[in-house]
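One structure is given below, encoded as structure tokens.
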Amino acid sequence: MNDMTPERDARVANLKGMGCSRKRVEDARFTQGKGNYVDDISLPGMLTGDFVRSPYAHARIKSINTEAAMALEGVVAVLTAQDLAPLSLHWMPTLAGDKQMVLADGKVLFQGQEVAFVVAKDRYIAADAIELVEVEYEELPVIVDPIKSLQSDVVLREDLDPKAPGAHGPRKHHNHIFTWEVGDEAGTNAVIDDADVVAEASMYYHRTHPCPLEPCGCVASMDKVNGKLTLWGTFQAPHVVRTVASLLSGIEEHNIRVVSPDIGGGFGNKVGVYPGYVCSIVASIVTGVPVKWVEDRMDNLMTTAFARDYWMTGKISATKEGKITGLHCHVTADHGAFDACADPTKFPAGFMNICTGSYDIPIAYLGVDGVYTNKAPGGVSYRCSFRVTEAVYFIERMIEVLAIEMDMDPAELRRINFIKKEQFPYQSALGWEYDSGDYHTAWDKALKAVDYDGLRKEQAERVEAFKRGETRTLMGIGLSFFTEIVGAGPVKNCDILGMGMFDSCEIRIHPTGSAIARLGTISQGQGHATTFAQILASEIGIPADSITIEEGDTDTAPYGLGTYGSRSTPVAGAATAMAGRKIRAKAQMIAAYLLEVHDDDVEFDVDRFVVKGAPERFKTMGEIAYAAYNQAIPGIEPGLEAVSYYDPPNMTYPFGAYVCVMDIDVDTGVTDIRRFYALDDCGTRINPMVIEGQIHGGLTEALAVALGQEIAYDEMGNVKTGTLMDFFLPTAWEVPNYETDHTVTPSPHHPIGAKGVGESPHVGGVPCFSNAVQDAFRPFGNRHTNMPHDHWRIWQTANALGLHH
Amino acid sequence: MIPAAFEYHRPADIRGALSILVEHGDDARVLAGGHSLIPMMKLRMADVPHLIDLQDISSLKGITIEGGRITIGAMTTQHELITNDALHAAAPLLREAALQIADPQVRYMGTIGGNVANGDPGNDMPGLMQCLDATFTLEGPNGTRTVQARDFYEAAYTTDRDDAEILTHISLDATTAGYAYEKQKRKIGDYATAACAVLITKENGVVTSASVAMTNLSDVPVFSEAAAEALIGGTCDTAAVKAAVAAALADIDPTEDNRGPVKFKMHVAGVIIARAIERAWSRA
């Protein structure tokens, strides 16, 4: 058979399968304002709930008086912890094995904490009623620093027995949550003590927030006649929400339907379970009508899940030639008032133990101490797999600091330490098996693309001109090489609240040859309806345009663990391919019957099965589908459907090489990104245009975090960045032009070799932007300065280095 | 982010607006573009039982230029300032500054009158008006009066305007002076970390007149007469610019906020003032 005929090419093109830049099918509705978000849902008789929130970061509640609020016309109920206690719903379990107050029970532990839930006829009345709820507080000492928290006599969590172990083992102090250790500390210390060169750094990865455009919210509707609870909401994991809701409420799981409608961005913020969901459900059960709760921007920034807030110290050792010999990392992790991190159960610091990065480091140790403070709970993976952004930032800063210590070029230092292509699958010192990689090829391609040597020459000339007083602008070259770990994950070691992290796909082929596929994941902007149809098109030979992808309704979708941590393509994408292959296997039998040959005598060709050696004899997938339903075929059940639950054998390990060229005004701290080059290797590429969109978005969020985006608190625990005036959300104005590039190193264990891409640019981007800033000041003695690199912090760096007259 | 309930009024003329203002006193506020007042109401930091929307009052709109005098209606939007070519020819500093206010969406709604009358130290137009020596016309129940922009601002959100008065027009002389509005901000839509407006007239190679005013570096816009004096008679050489910057810095009193501490703001202000002077001089 000739594979290259124009006729066959036309059939391939018609499928719009893998590798083609198919336009996103979602965009027609999004760009015309026809999306259907949770706040678009309006049901007859629906009430609105809203929270009375604490103005204090730490205070005892002396009394709550709801009388005046209840007297306001249109107010239906005001719930407090007292009302939830008989149902045992005033506290709820967190994803991290801790528990969290749904409504303040005796005290508040962070500013903005939920104190009472007002239910009213509309949101305007609810807002007025909130002002009428009288809460008497007695202020308590506030702790916003986790290191001080571990030395403080102030007990934050009076509900916990200080002597009893927590969900992750023994606690060392009443404000301590867990210690998590990986690797060989004694061995690592011995190597570092004897090393030719040791570099050390302490760095604070500041607290920030995913800040999706659409905040969190839900509509709960309890139908008391048939006993069914329906919950629409901004859920990145609708099935998990259904199971948790069932366990908490006692309503049997078959009587709960959870629906994630269109979601306007998640980035980890919409993984957790929030008090608003619980209160809405209770309010609907109490009132018998639907209850809606939707956050405003300040609620979202101040109270729902934050990201990062890691105080990291590191030591890295090397031979005098620059070969890394050992790595030691300790983290003090600020988890806020409750441990509500969204990580797989056995990983209380997520996959922070990927912190050996892309380098062949023979021995390493990681220790993480989780700590309570008077800050909002959370600790989610903001556009990254679990804590991978922190890990990659750590190692990419340690590499730079080591390069400074050794007076070496940081690009060369990386090159001589990369894991080599032939070492894959590679066992890391901290327990991971990297599936595939070709780091040297990617690195060389990146450095060549930006003319790295030319950039260094230009930078040296700029430094000389600066010293001569001819310019006040410095030039920074930011490098980063990252390895992500995504696709959680193998059920043997990844679960959330005991639920294994597999994912699923169910396919139904219709008699006329179109199809619907349902998945356990949920798109929040990733374009699943576009890309999963492309996987199927290539697998089963039905055009992507004839395949509907549906997610998010637990009554119809197969059970899955949802979308976060770049797991959709590695896990649900694999399930899609595997279910597609089941369809194809049955189709092969049907085709053989129709063509009156043995099963082994037909083979799949783009959109049909052909008789081997006789390509003019074939049955298209359309013909096969019709026959599957309408023709009695001996020994074969009617219909053409398949389902696959995929438990991945391993994570996938996308990687990439990024370079940022930045000019910095030393006198004002203003930065100008002249160039940003991003090479990504996400294995097999399903839709290059969607990948490019993901990379632009992830880099933009990386720029935000590196250059200014933070949740900052004052000493009293007040949030200083609770609105978009002070919380930096970049617009087109602040975003540079990105140059994207790629190599392709397929995952050896994934059915189609794809690795996931949505979070790579964020993981690799943050250290790249930060390294550019830090590199600009390296010739003047800078070793490390903390993010975010906003104008005044950059100015402060320049000032401390004596660069201002 | 839901404001308390309020009565919405939309009078067709100034007389109607004034009568509502007089009737409700402190309980009433006029609404121009709404980009300062509405967020304050949503945050429940401003309680406005009676909101008087001025958008139907046609006499508050429009730009006229006659005999070298520019008159701008208070309800003229930033977008209209930017796109009016005659205004650009008569006072090019206005377009340069207006383009640095917020973003296009805000500029379609935000008005010059609201910007100058609110008394927010972060607003750009007050300092600009002081630099241009503009005159504000105020209409109240007792008639019309004028006040110079340089005399208008008393403290943050406190101005010479009486509660029962409406700022109706802004007038200023056309100018051919060299101009610059230099502004440092963290991002689009932000208030200034430091901003400075400068006008310089050059004759026979020396500065014959100068005007320097600054934004968001005190609780009011700051017109620095001393900075201007340091430039007059000179050639804007390094020493003169340095002296002007020193004089201007002596007139400001920035406070620490999320943009940075006072030391940083003073340093950046010095850089921004110097750049504004140098650019205005290059255009003089």
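Numbers restart at 1 for each chain; the letters A, B, ... are given by sequence-line order, proteins then strands.
- Proximity to chain B (any heavy atom under 4.5 Å) is shown, for Arg123(A), by both the backbone and the side chain.
- Rounding to the nearest 0.5 Å gives a distance of 4.5 Å between CG of Asp665(A) and CZ of Arg275(B).
- To the nearest 0.5 Å, atom NE2 of residue His791(A) and atom CZ of residue Arg186(B) are 9.5 Å apart.
- Residue contact with chain B, scored on non-hydrogen atoms closer than 4.5 Å, is absent for Asp299(A).
- Here Leu724(A) contributes atom CG and Asp190(B) contributes atom CG; the two are 11.5 Å apart, rounded to the nearest 0.5 Å.
- Taking a cutoff of 4.0 Å between a charged side-chain nitrogen and a carboxylate oxygen, Lys187(B) and Asp790(A) do not qualify as a salt bridge.
- No more than 12 heavy atoms of other residues, nucleotides or ligands shown are found within 6.0 angstrom of CG on Asp26(B).
- Using a 4.5 Å heavy-atom threshold, the side chains of Leu43(B) and Met298(A) count as touching.
- Minimum heavy-atom separation, Asn258(B) to Trp792(A): O-CD1, 4.2 Å.
- Heavy atoms closer than 4.5 Å to chain B are found in the side chain of Glu131(A), but not in its backbone.
- Every ring pair (Phe, Tyr, Trp, His ring centres under 6.0 Å) that His804(A) has, sequence neighbours left out, goes to Trp795(A), His267(B).
- Residue contact with chain B, scored on non-hydrogen atoms closer than 4.5 Å, is absent for Asp50(A).
- A heavy-atom distance below 4.5 Å is not found between the side chains of Ile130(A) and Arg44(B).
- Among Gly189(B), Pro261(B), Ala194(B), Ala5(B), the residue making the largest number of heavy-atom pairs under 4.5 Å with chain A is Pro261(B).
- At a 4.5 Å heavy-atom cutoff, the contact between Thr731(A) and chain B is made by side-chain atoms alone.
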